[in-house]
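Structure, as structure tokens:
Read the numbers this way: they start at 1 and go in the same order the structure lists the ligands and their atoms.
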Amino acid sequence: MNKAYLWHPFTQMKDYNNSDPLIIERGEGIKLYDIQGRSYYDGFSSVWLNVHGHNVPELNQAITDQLGRVAHSTLLGMANIPAIELAEKLVEIAPKGLNKVFYSDSGATGVEIAIKMAFQYWHNLGLQGKKTFITMKQAYHGDTIGAVSVGAIPLYHDVFQPMLFPSHVIPYPYAYRHKDGAAGAMEDTLTALRVLLETRSDEIAALIVEPIVQGAGGIIVMPPGCLREMAALCRKHDVLLIADEVATGFGRTGAMFACDLEGVSPDLMVVGKGLTGGYLPVAATLATDEVYGAFYADYGEQKTFFHGHSFTGNPLGCAVALASLKLFKERNMLEGVIAKSSFVEQKLAALKERPHVGEIRQQGLMIGVELVRDKGSREPYDWADRIGVRAAARARELGMLTRPLGHVVVFIPPLASTEDELDSMTDILAASIVDVTEGGSTT
Ligand SMILES: *Cc1c(COP(=O)(O)O)cnc(C)c1O
């Protein structure tokens, strides 16, 4: 039935239909159980969403309670209680200055909203020339057309090129491939940004960035100080800064938001994924009073932001997001992430010595293990080797789920994972990597 009726995202169905598909029936804590009753650690937080685990009584209860009141009512010109309470909470925890919350239902729609807001912000101020965006190499901001236009992963995005609006692309500071390491990589990024801003800021609306960690591009971690410098340059040249915190938000990097790690306050911030603890599809675009103010006018001035989705501000989703944020506080999640993150780092130290492991990139509980054909020359595996896919398949046999990014094996466990669970999961991670990169080929 699965093979007959479903078309899976980011999946070559011909491969899938020849595979032994995994069908999940239930979840409990950080484990998922398939229809055969086999259990797996959720080693990628169900694609980077899950925070407190699955089937969490407090989160279930929040949804049930709200369901007894109303499942959905619109936010178009009216309000509902959980949407109001959550907006207040988000403003309280967000980097300072972000005082307005615009809801949507996925990271991609949150990004669409941010780029449309940035564009119309300048339009409303009478600066119609400021209409292009700066993005970064290997950026991923979601799969709708606007989000793909500011995306820069050739494998996902090239085919759609004729449909997209053009963006300026600057390098993400990737130290590993830079001859002078982190400092050189950071300088390349800042120089490219400075040149663009000094010569073309009159036509640029905003810079969009995955702060501190670039996710789908391969879990690339920025050198310290880079984000702060980028933010300062944007401010100096009157270009808005959009922080896409869809992957990094809600504790994933060891701070509530990655921007907090550098004390950066963006003009627009997009959150999604972990917002509801990974339970329901709610996203939000947060804006400063200044951005909001450019839309605030008499109706006749036509400065309204004409954008909305049917399920914007869904009460069930907002209720579970509120319950999730309550657990963040009660369970000291942020301190937990910092402690767990150094535990994982120590556990993976030995893996670094293996002959086919390149970099192990980590920020908080966002980890990518790069597999290389040759450690000395840092020659990567060919995509046709499907090394990441094979490592993930081996991990599944050993009882943990993950999904690779090309030759990078992703380990993004739920923040609630205990040290014992992280211990078992890192063992599986290491064993699966050693098995596929060394097993059989060493003799
Ligand atoms: C996942 C992701 C998105 C897209 O979110 P969806 O909910 O899948 O649309 C956008 N930006 C970043 C950084 C992401 O990791």
Side-chain angles (χ1 to χ4, degrees), residues 8-11 44-51 102-118 133-153 155-157 160 167 169 172 206-222 227 241-253 255 257-259 261 264 266 268-286 307 309 311-312 314 317 320-321 324 361 363-368 402-406 408 410-412 415:
H8 293 272
F10 276 98
T11 302
F44 69 148
S45 295
S46 297
V47 196
W48 320 0
L49 311 174
N50 194 276
V51 175
F102 195 104
Y103 289 112
S104 61
D105 42 38
S106 73
T109 55
V111 166
E112 295 288 339
I113 288 161
I115 58 187
K116 284 178 77 179
M117 270 182 184
F133 292 84
I134 306 176
T135 184
M136 306 188 75
K137 269 184 198 154
Q138 297 291 117
Y140 178 80
H141 297 291
D143 296 321
T144 53
I145 292 300
V148 170
S149 293
V150 291
I153 299 184
L155 177 67
Y156 303 163
H157 300 150
F160 300 108
S167 298
V169 184
Y172 203 90
L207 162 70
I208 181 164
V209 58
E210 293 164 83
I212 308 295
V213 188
Q214 189 175 51
I219 317 291
I220 314 284
V221 183
M222 278 187 182
L227 183 67
L241 177 65
I242 303 171
D244 178 353
E245 291 256 11
V246 173
T248 50
F250 302 99
R252 181 53 64 188
T253 66
F257 299 102
C259 283
L261 294 167
V264 164
L268 291 156
M269 182 172 94
V270 187
V271 294
K273 290 197 167 105
L275 169 57
T276 59
Y279 256 57
L280 286 172
V282 178
T285 306
L286 279 73
H307 186 112
H309 301 278
F311 285 101
T312 289
N314 174 256
V320 74
S324 169
R361 298 188 285 261
Q363 177 67 49
L365 286 178
M366 210 169 169
I367 296 120
T402 185
R403 220 185 128 83
L405 297 162
V408 176
V410 166
F411 180 52
I412 299 190
L415 305 188

Would you sort out whether F311 and Y103 count as a ring-ring contact (aromatic ring centres under 6.0 Å, His included), showing the intermediate values?
CA-CA 9 Å; F311 285 101; Y103 289 112; over 10 Å; no
Rounded to the nearest 0.5 Å, what separates atom OH in Y140 from atom CG in L405?
10.5 Å
Anything under 30° is parallel, anything over 60° is perpendicular, the rest tilted; go ahead and classify F102 against H307.
perpendicular
Which ligand 1 atoms are under 4.0 Å away from a heavy-atom of A247?
15 (O)
Can you confirm if the aromatic rings of Y156 and F10 lie within a centre distance of less than 6.0 Å?
yes
Measure H141 to ligand 1 on non-hydrogen atoms and call it side chain, backbone, both or neither using the 4.0 Å cut-off.
backbone
Please indicate whether any nitrogen or oxygen in A108 is less than 3.5 Å from any nitrogen or oxygen in ligand 1.
yes
Once you round to the nearest 0.5 Å, how far does NZ of K273 lie from OG of S106?
9.5 Å
When distances are taken from atom 15 (O) of ligand 1, the protein heavy atom at minimum range is K273 NZ, 2.6 Å
Closest protein heavy atom (residue, atom, distance) for atom 12 (C) of ligand 1
D244 OD2, 3.4 Å
If you count the atoms of ligand 1 from 1 in the order shown, which ones are under 4.0 Å from a heavy atom of S106?
7 (O), 9 (O)
Value for OG1 (T135) from OH (Y172), rounded to nearest 0.5 Å, stands at 10.5 Å
Within ligand 1, which atoms have a heavy atom of G142 less than 4.0 Å away?
4 (C), 10 (C)
min-distance protein heavy atom vs atom 6 (P) of ligand 1 -> G107 N, 3.4 Å
To the nearest 0.5 Å, how far apart are CD in Q138 and CD1 in I220?
7.5 Å
Protein heavy-atom contact under 4.0 Å for atom 8 (O) of ligand 1?
no
Pull out every atom of ligand 1 sitting under 4.0 Å from any heavy atom of E210, numbered as shown with elements.
13 (C)
